[in-house]
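Keep in mind the model is a prediction, meaning the values are calculated, not measured.
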Amino acid sequence: MKRRPPKPIWRKLLMLLGFIVLSPLWIALLLFGLILYFAFGALLYIAIWFSWLPRGQNTLFVYSSSPIWQAYMLEQVLPPIKKQAVVLNWSDRKQWKKRSLSTLAFRYFRGRKNFNPLIIVFKPLQKAKVFRFWEPFKEWKHGNTESVENLRKEVFRMLGVSATVPNP
């Protein structure tokens, strides 16, 4: 197997010089991208505050059809907050409207990992509070239900609802 000869030093210097010369462009593009990202987030907040909150909806509730948490999320968590929640089923995401406010909010606020199941609470002029149930449900699978219950109670406390689930 033949080895490639090393690149000549002048070629490395030329690449370094090109990087240095173009770095202001890269920095400007990065800053522009960050500005767009945060401006989009600000517009989402405004849209949610003026669209959902006047209708009494301040919560984005996301779950999936997982055998581990679906029944718990739909029977123990959703009923007390249903009137104030916009609900998305991650398992049905192919049917979501790509530009709906709920889909855009989920994609912006979810983060990169541990985003299902998830509850996001929006309050006027405050940063959204994200409750991630994925890690607690990992413990749930191994018999430790305390983390899930504590997180559920924290959500209910923030939303001002009773921690007891009404009978159907």
> Among residues at least two apart in sequence or on other chains, which ones pass ring pair (Phe, Tyr, Trp, His ring centres under 6.0 Å) with W52?
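Counting only residues at least two positions away or on another chain, W52 forms a ring pair (Phe, Tyr, Trp, His ring centres under 6.0 Å) with F122.
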> For R99, what residues pass the side-chain contact (heavy atoms from CB on, under 4.5 Å) criterion, not counting sequence neighbours?
none
> Would you indicate whether the side-chain heavy atoms of P80 and F156 approach each other to under 4.5 Å?
yes
> Among residues at least two apart in sequence or on other chains, which ones pass side-chain hydrogen bond (donor to acceptor under 3.5 Å, both in side chains) with T103?
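S100.
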> Centre-to-centre under 6.0 Å for F109 and F115, is that the case here?
no
> Could you tell me the separation between the NZ atom of K98 and the CZ atom of R107, rounded to the nearest 0.5 Å?
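Rounded to the nearest 0.5 Å, the NZ-CZ separation comes to 6.0 Å.
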> Check for me, please, whether I120 and W96 land in the same ILVMFWY cluster - side-chain distances under 4.5 Å, paths through other members count.
yes
> With sequence neighbours left out, what residues match S65 under side-chain contact (heavy atoms from CB on, under 4.5 Å)?
Q70, N89, S91
> Between side-chain atoms of residues 124-136 and protein atoms elsewhere (two or more places apart, or another chain), which donor-acceptor pairs fall under 3.5 Å?
| unit_1 | atom_1 | unit_2 | atom_2 | d |
| --- | --- | --- | --- | --- |
| R132 | NH1 | R110 | O | 2.5 |
| R132 | NH1 | K113 | O | 3.4 |
| R132 | NH1 | N114 | O | 3.4 |
| R132 | NH2 | R110 | O | 2.8 |

> How far does CG of L13 sit from CG of L16, to the nearest 0.5 angstrom?
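Result: 6.5 Å between the selected atoms.
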> Would you give the length of the straight line joining atom CD1 of I35 to atom CG of L31, rounded to the nearest 0.5 angstrom?
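Answer for the CD1-CG pair, I35 versus L31, is 6.0 Å.
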> Would you say V155 ends up clustered with L60 if hydrophobic residues are merged whenever their side chains have heavy atoms under 4.5 Å apart, either directly or through other cluster members?
no
> Using the test side-chain contact (heavy atoms from CB on, under 4.5 Å), find all partners of F40 that sit at least two apart in sequence or belong to another chain.
L44, L104, Y108
> Quick check on the hydrophobic clustering: are V87 and I48 connected, directly or via other members, by side-chain heavy-atom contacts under 4.5 Å?
no
> Verify side chain to side chain contact (heavy atoms under 4.5 Å, CB included) between V62 and I119, making sure each step is shown before the conclusion.
CA-CA 6 Å; V62 182; I119 294 176; over 6 Å; no
> Quick one: side chain to side chain donor-acceptor pair (under 3.5 Å) pairs with a partner in residues 11-23, sequence neighbours left out?
none
> Is it possible for you to say whether M15 and I9 belong to one hydrophobic cluster, with membership spreading through side-chain heavy-atom contacts below 4.5 Å?
no
> Quick one: CZ on F106 to CG on N116, what's the gap to the nearest 0.5 Å?
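So the CZ of F106 and the CG of N116 are separated by 6.5 Å.
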> Using 0.5 Å steps for rounding, measure from the CG atom of N150 to the OG1 atom of T145.
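Taking CG in N150 and OG1 in T145, the distance rounds to 9.0 Å.
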> Apart from L36 itself, which Ile, Leu, Val, Met, Phe, Trp or Tyr residues share its cluster (side-chain heavy atoms under 4.5 Å, direct or through members)?
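Grouped by the 4.5 Å side-chain rule, F32 form the rest of the cluster around L36.
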> Could you list the residues that satisfy side-chain hydrogen bond (donor to acceptor under 3.5 Å, both in side chains) with N144, not counting sequence neighbours?
E139
> Once rounded to the nearest 0.5 Å, what's the spacing between atom CD of Q57 and atom OG of S102?
9.5 Å
> Please list, chain by chain and in numerical order, all residues satisfying side-chain contact (heavy atoms from CB on, under 4.5 Å) with I68, sequence neighbours excluded.
S66, F137, W140, K141
> Are Y45 and L118 grouped together when hydrophobic residues (ILVMFWY) are joined by side-chain heavy atoms under 4.5 angstrom apart?
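Yes, it is one cluster - the side chains of Y45 and L118 are joined through contacts under 4.5 Å.
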> Show your working on side chain to side chain contact (heavy atoms under 4.5 Å, CB included) between V86 and F61 and close with a plain yes or no.
CA-CA 6 Å; V86 174; F61 179 93; over 6 Å; no
> On a heavy-atom basis, which atom in K123 and which in M158 lie closest, and how many Å separate them?
NZ-O, 3.1 Å
> Using side-chain hydrogen bond (donor to acceptor under 3.5 Å, both in side chains) as the criterion, list what pairs up with W90, not counting sequence neighbours.
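None.
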> Checking E149 now: which residues fulfil side-chain hydrogen bond (donor to acceptor under 3.5 Å, both in side chains) with it, not counting sequence neighbours?
Y72, R152
> For side chain to side chain contact (heavy atoms under 4.5 Å, CB included), just list the numbers for L159 and T59, CA-CA rounded to whole Å, side-chain angles, deciding distance to a tenth of an Å, and then say yes or no.
CA-CA 9 Å; L159 293 172; T59 306; 3.4 Å; yes
